[in-house]
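Have a look at the structure below before the remarks.
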Amino acid sequence: MRWTEDLQRALSARGLTVASIPGKGRGLVATRDFYPGEVIICQEPYASAPNKVSAGSSCDGCFASSNIRKCSACRIAWYCGNACQRAEWKLHQLECQVLAALSEDRKKMLTPAIRLMVRLVLRKKLQNEKVIPTSETDNYDLVNALESHISGLDEKQLVLYAQMANLVKLVLPSLEIDLKEITHNFSKLDLLSTDQLEWIEPDSHNGAGTGVFTVPGTEPQVPAAAPSVDQDRGKGVAS
Ligand SMILES: [Zn+2]
Ligand SMILES: [Zn+2]
């Protein structure tokens, strides 16, 4: 598969390779020695969302919670300043139209997990349309290739993910939504036992946001306003 070759090429330059670990999906393996403190890899999440959607009080870009301003069009996204707003704009421009069109009742359905999946679907669309560029380490094929945990789910959990997929469809009425694909995606993020879902924490145990990382087993790149990552819940291998 092409995504595998592209990803392996990008990683081998950094002394890394991806290997399949049974039951766990892909994992990152070092092909050379790394020194203590050496950065192994930095990666932006494929999609991310702050965890305080209903309270509406952290920046979409860096999850900072002070001196932030609300997007006046959708009144859901918040930004700490122009830099984060600009960095998020290609995705938010489309998301903003979607969110602004929602009724107040529908807006209440936007839990962090739903918003994360909405953003993931929209980013896929924008990459398909080449509005947002792709790279060997940033493309939807890699999201597709994340290990699905659907076969290990009990029926209750399966129904919950299917209902969440349905909410995503309700938020995105103008898009062709494949409910099965979205249900699988929720299982990949596996909100209960996180393998691919990374928690980025600024300074406390209140998770500031969640992101989907496509290169497995990597330490998330922490935005400047978020000085530390919870090692218990982060699945990094950099230490
Ligand atoms: Zn910010
Ligand atoms: Zn907006």
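Counting only heavy atoms from C-beta outward, the side chains of L146 and V212 approach each other to under 4.5 Å. Side chains of L110 and L167 form no contact here, defined as non-hydrogen atoms less than 4.5 Å apart. Side-chain contact check for C59 versus S65: every heavy-atom pair is 4.5 Å or farther apart. Between E95 and E88 the shortest side-chain heavy-atom distance does not fall below 4.5 Å. Between K169 and N166 there is a side-chain heavy-atom pair separated by less than 4.5 Å. Contact annotation: the side chain of K156 never approaches that of L160 to less than 4.5 Å [non-hydrogen atoms, C-beta and beyond]. Put simply, the side chain of Y140 does not reach to within 4.5 Å of the side chain of N128, judged on heavy atoms. Contact check for R123 versus D138: side-chain heavy atoms found under the 4.5 Å cut-off.
No option in L122, V171, I182 other than I182 meets the side-chain contact (heavy atoms from CB on, under 4.5 Å) test with M117.
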Next on the checklist: Could you walk me through whether Q93 and C96 satisfy the side-chain contact (heavy atoms from CB on, under 4.5 Å) test, starting with their C-alpha distance in whole Å, then the side-chain angles of each, then the deciding distance to 0.1 Å, before giving a yes or no?
Outcome noted: CA-CA 5 Å; Q93 187 174 27; C96 194; 5.9 Å; no
Item to check | CA sep, side-chain torsions, deciding dist, call: T214, Q43, side-chain contact (heavy atoms from CB on, under 4.5 Å) | outcome: CA-CA 9 Å; T214 50; Q43 193 192 11; 2.9 Å; yes
Next on the checklist: The test is side-chain contact (heavy atoms from CB on, under 4.5 Å); show your working for L102 and M109 and say whether it passes.
Outcome noted: CA-CA 10 Å; L102 294 177; M109 303 182 321; over 6 Å; no
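The number of heavy atoms from other shown groups lying within 6.0 Å of CG (D154) is above 12.
Side-chain atoms of Q8 come within 3.5 Å of backbone atoms of V18 as a donor-acceptor pair (strictly under, hydrogens ignored). Between the side chain of R119 and the backbone N or O of S48, at least one donor-acceptor pair lies under 3.5 Å. Between the side chain of T137 and the main chain of A10, no donor-acceptor pair closer than 3.5 Å is present.
Contact record, Y46 with N139: CE1-C, 3.8 Å, taken as the closest heavy-atom pair. Of all heavy-atom pairs between S58 and I68, the closest is N-CD1, 3.6 Å. Shortest non-hydrogen contact noted between K70 and W78 is CE-CZ2, 3.2 Å. The shortest non-hydrogen separation linking A49 to P112 is CB-O, 4.1 Å. Scanning both residues, P45 and G211, for their nearest heavy atoms gives CB-CA, 3.9 Å. Heavy-atom minimum distance, D33 versus E38: O-OE1, 4.4 Å.
In this structure, CG in L28 is found 7.5 Å from CD1 in I40, a value given to the nearest 0.5 Å. For the atom pair R14 CZ and F34 CZ, the distance stands at 10.0 Å (nearest 0.5 Å). For the atom pair CD of Q127 and CG of L91, the computed distance is 10.0 Å after rounding to the nearest 0.5 Å. Separating the CG atom in D141 from the NZ atom in K124 is a distance of 9.5 Å, to the nearest 0.5 Å.
Between E136 and R9 there is no salt bridge, since no side-chain nitrogen of the basic residue lies less than 4.0 Å from a carboxylate oxygen of the acidic one. Under the 4.0 Å criterion applied to side-chain N and carboxylate O atoms, K108 and E104 are not assigned as salt-bridge partners.
Legend: residues meeting side-chain contact (heavy atoms from CB on, under 4.5 Å) with T31, ordered by chain and number and at least two apart, are T17. For A87, the side-chain contact (heavy atoms from CB on, under 4.5 Å) test picks out no residue, with sequence neighbours left out. Under the side-chain contact (heavy atoms from CB on, under 4.5 Å) criterion, I150 pairs with S148, L153, L158, T183, H184, S187, not counting sequence neighbours. Annotation: ring pair (Phe, Tyr, Trp, His ring centres under 6.0 Å) contacts of Y79 (sequence neighbours excluded): H92. Take Q85 and apply the side-chain hydrogen bond (donor to acceptor under 3.5 Å, both in side chains) test, not counting sequence neighbours, and it matches no residue.
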Output side-chain donor-acceptor pairs under 3.5 Å for residues 172-180, partner residues at least two apart or in another chain, one line each.
{"from": "D178", "atom 1": "OD1", "to": "K180", "atom 2": "N", "distance (Å)": "3.1"}
{"from": "D178", "atom 1": "OD1", "to": "E181", "atom 2": "N", "distance (Å)": "3.2"}

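There is a path of hydrophobic side-chain contacts, each under 4.5 Å, that joins L170 to L99. Tracing side-chain contacts under 4.5 Å through hydrophobic residues (I, L, V, M, F, W, Y), one never reaches I114 starting from V159; they form parts of separate clusters. Two different hydrophobic clusters hold V29 and I41 under the rule that ILVMFWY side chains link at heavy-atom gaps under 4.5 Å.
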